[in-house]
Amino acid sequence: MGSSSWIRLLGVVLLVVGCQFAEKAQGMIRHYKFNVVMKETKRLCWSKPIVTVNGQFPGPTIYAREDDTLLVKVVNHVSYNLSIHWHGVRQLRTCWSDGPAYITQCPIQPSRVYTYNFTLAGQRGTLLWHAHILWLRSTVHGALIILPKLGVPYPFPSPHREKVVLLAEWWKSDVEAVINEAIRSGLPPNVSDSHLINGHPGPVPSCPERGSTLKVKPGKAYMLRIINAALNDELFFKIACHKMMVVEVDATYVKPFTTDTILVAPGQTTTVLINTTDGTSGNYVMAVSPFMDSPVSVDNSTATAVLHYIGTPSNATTVPVETPPLDATSVATNFSNSLRSLNSRKHPTKVPMQVDHSLLFTIGIGVNPCKTCTGGARIVADINNVTFVMPKVSLLDAHYHNITGVFTDDFPAHPLTKFNYTGTSPLNTQTERGTRLYRLAYNSTVQVILQDTSMIAPETHPIHLHGSNFYVVGSGVGNFDEGEDEKGFNMVDPVERNTIGVPTGGWAAIRFRADNPGVWFMHCHLEVHTTWGLKMAFVVDDGDGPGETLLPPPFNLPAC
Ligand SMILES: *[C@@H]1O[C@H](CO)[C@@H](O)[C@H](O)[C@H]1NC(C)=O
Ligand SMILES: *[C@@H]1O[C@H](CO)[C@@H](O)[C@H](O)[C@H]1NC(C)=O
Ligand SMILES: *[C@@H]1O[C@H](CO)[C@@H](O)[C@H](O)[C@H]1NC(C)=O
Ligand SMILES: *[C@@H]1O[C@H](CO)[C@@H](O)[C@H](O)[C@H]1NC(C)=O
Ligand SMILES: *[C@@H]1O[C@H](CO)[C@@H](O)[C@H](O)[C@H]1NC(C)=O
Ligand SMILES: *[C@@H]1O[C@H](CO)[C@@H](O)[C@H](O)[C@H]1NC(C)=O
Ligand SMILES: *[C@@H]1O[C@H](CO)[C@@H](O)[C@H](O)[C@H]1NC(C)=O
Ligand SMILES: *[C@@H]1O[C@H](CO)[C@@H](O)[C@H](O)[C@H]1NC(C)=O
Ligand SMILES: *[C@@H]1O[C@H](CO)[C@@H](O)[C@H](O)[C@H]1NC(C)=O
Ligand SMILES: *[C@@H]1O[C@H](CO)[C@@H](O)[C@H](O)[C@H]1NC(C)=O
Ligand SMILES: *[C@@H]1O[C@H](CO)[C@@H](O)[C@H](O)[C@H]1NC(C)=O
Ligand SMILES: [Cu+2]
């Protein structure tokens, strides 16, 4: 190849991934600077000052390759405490860079700095980063794209171009005021006012704006990296007249399948390929609407963006698309059940065949007495009846330095009281409070049955595990039946992910290997449920061998 061809090739690479991305070598160190600043968003109809990274909303996209090391210097210029989580990044031995406040670090306080330092080992695909403190992730979030190693192709035809499609939720009010109001009253917080696609709601009654536009050429294949960065809503995504081929979820490859609707829960990602029609022009609506199949109030607005064929006349009409109804359980279930891990020679499925820890976790809502709350009661949430109480110092720090009195490692492996979890709600809806963790030896294998309860109301919960992906070996409705349901487990090609939507009034079974020492948060990725206490953590001890220990804390780790 002549030098001009090389330059052309380099030009293409740069165009594909944006100008911040330079190709040099395998295992590069990539520096990013996150200046966290307040910014008045004028782009949106509902202008207000928001917390942003580098003044951008959505935040900047991080591009890297598998094996690269990221050094992200976060400088806090706002009056809130901060921390950033690299959602889905395994953080092998670098739990200190995981990010959930008071779990793996103390917050980065105003005017302080912390440099996250971690390597993207054994992963490639679409992930996201977001604030992991208060409700700041509503505006502090962005895409984290891990390309395959230099020279390694995708296990599917390479697209012409790649585009990020970031879905989010927007409140007209200040988001911290919304959640603080709810904490004071003990009642659910106000639902959001709109959904967003790449920062825009599209034309909605009180805001007749155009929405974001994805420009495409006819007759090409495009990759859409769809990310749900919403706080509380599982979302359907559709494009008028275009089918989507799902190729990857949560940065793990799946067996490709074609669908006209995808479901993506907060914290989940779905990468799809679409073909644009040859010899055509036109504008096609891309729509996002919520999924909620229980009687819980939700922002039911539809956000839209436009897939615009280059060359389409400006007076052309836009082809609309109908989204599924709010409670389209069958569409949601069918999509979830279509996901299978690729399980190829290069990307084998490594589901643990034997389990050392067989856990049953009930997840749901409860109500505790509260003298100062409206109606004398506070809505809470729990796992195995434990409403998690956030510590005042970092759990990881307490674990590493053997500080006692911060947490106990007696988290219940099973519900202490058995009841018909998905039957009539018991009369006693109270929970216990505690900072209880579950301890795992290095390299032990774990199965968790995540069992939704109908306490107060059954509801789908997207459960997110930090530090490890898991395999979803089964799921179903009603109460998990050990004898029967285990027979149907998929041990061959279960989907591998980091966040699983547990079906409303049902269960999901996950398996993982605890081969990453540290303290790993597991929680509902509906922020409202996390706030209410639907969270716990695993503490994974060091192994004996080299490379099986947590690295020492970085010198600039924030203190409480
Ligand atoms: C990042 O962490 C590695 C250890 O994993 C260490 O060798 C390196 O010095 C760190 N870099 C910075 C800039 O802190
Ligand atoms: C929540 O909604 C109620 C009713 O619409 C409204 O009065 C209240 O101001 C809202 N709270 C915030 C923080 O926006
Ligand atoms: C796109 O076109 C290719 C080649 O014809 C085909 O194999 C693939 O299934 C198409 N994808 C979608 C989502 O229609
Ligand atoms: C279920 O999903 C498959 C693949 O995603 C699709 O082909 C089929 O039409 C769907 N069926 C229903 C009833 O939605
Ligand atoms: C959303 O819910 C509100 C209040 O329940 C209702 O008035 C409105 O018609 C709903 N909108 C849609 C698009 O379903
Ligand atoms: C758009 O404008 C062109 C040229 O001005 C005209 O021929 C065409 O009919 C218009 N199309 C629509 C949909 O109005
Ligand atoms: C914590 O306790 C373990 C086990 O007793 C010991 O190996 C380790 O050195 C202790 N760590 C610190 C920082 O004291
Ligand atoms: C649990 O409750 C559901 C709904 O009321 C009922 O259909 C089911 O039979 C009950 N299961 C058991 C084991 O009692
Ligand atoms: C949960 O704990 C509370 C407080 O100890 C207790 O009253 C309640 O019976 C427990 N509920 C269940 C289902 O274990
Ligand atoms: C982890 O355990 C598996 C068996 O479950 C074993 O094959 C593997 O060698 C172990 N790995 C380490 C690092 O100990
Ligand atoms: C910020 O974090 C520090 C350390 O945990 C804490 O002392 C302080 O109260 C926090 N500030 C706010 C405003 O919450
Ligand atoms: Cu939840």
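If you're wondering where the values come from, they're calculated on a predicted model, not measured in any experiment. When a ligand or atom number is given, it counts from 1 through the structure's own listing order.
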May I ask you to list the atoms of ligand 3 that are less than 4.0 angstrom from any heavy atom of [X]?
X      : answer
Leu273 : 13 (C)
Met245 : 8 (C), 9 (O), 13 (C)
Lys243 : 13 (C)

Verify, without hydrogens or angle tests, whether [X] (side chain) and [Y] (backbone) share a donor-acceptor contact under 3.5 angstrom.
X      : Y      : answer
Asp250 : Gln268 : no
Asn228 : Asp233 : yes
His401 : Asp397 : no
Glu248 : Thr271 : no
His195 : Ser301 : yes
Thr269 : Ile226 : no

Take a 6.0 Å sphere around CG of Asp544 and say whether it holds more than 12 heavy atoms from other residues, nucleotides or ligands.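 No, the 6.0 Å shell around CG holds no more than 12 heavy atoms from other groups.
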Determine whether the side chain, the backbone, both or neither of Val272 has a heavy atom under 4.0 Å from any heavy atom of ligand 3.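 Answer for Val272: neither.
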Per-atom filter on ligand 2: closer than 4.0 angstrom to a heavy atom of Ser173 are 12 (C), 14 (O)
Residue pairs passing the side-chain hydrogen bond (donor to acceptor under 3.5 Å, both in side chains) test with at least one member in residues 175-191, sequence neighbours excluded, are none
Please tabulate, one line per pair, the protein nitrogen or oxygen atoms found under 3.5 angstrom from a nitrogen or oxygen of ligand 7, with distances to 0.1 Å, or say none if there are no such pairs.
| residue | atom | partner | partner atom | Å |
| --- | --- | --- | --- | --- |
| ligand 7 | 2 (O) | Asn402 | OD1 | 3.1 |
| ligand 7 | 2 (O) | Asn402 | ND2 | 2.3 |
| ligand 7 | 11 (N) | Asn402 | ND2 | 2.9 |
| ligand 7 | 14 (O) | Asn402 | ND2 | 3.3 |

Are any of the N/O atoms in Asn275 less than 3.5 Å from those in ligand 3? yes
Option passing ring-ring contact (aromatic ring centres under 6.0 Å, His included) with Trp96 (candidates Phe118, Tyr116, Tyr400): Tyr400
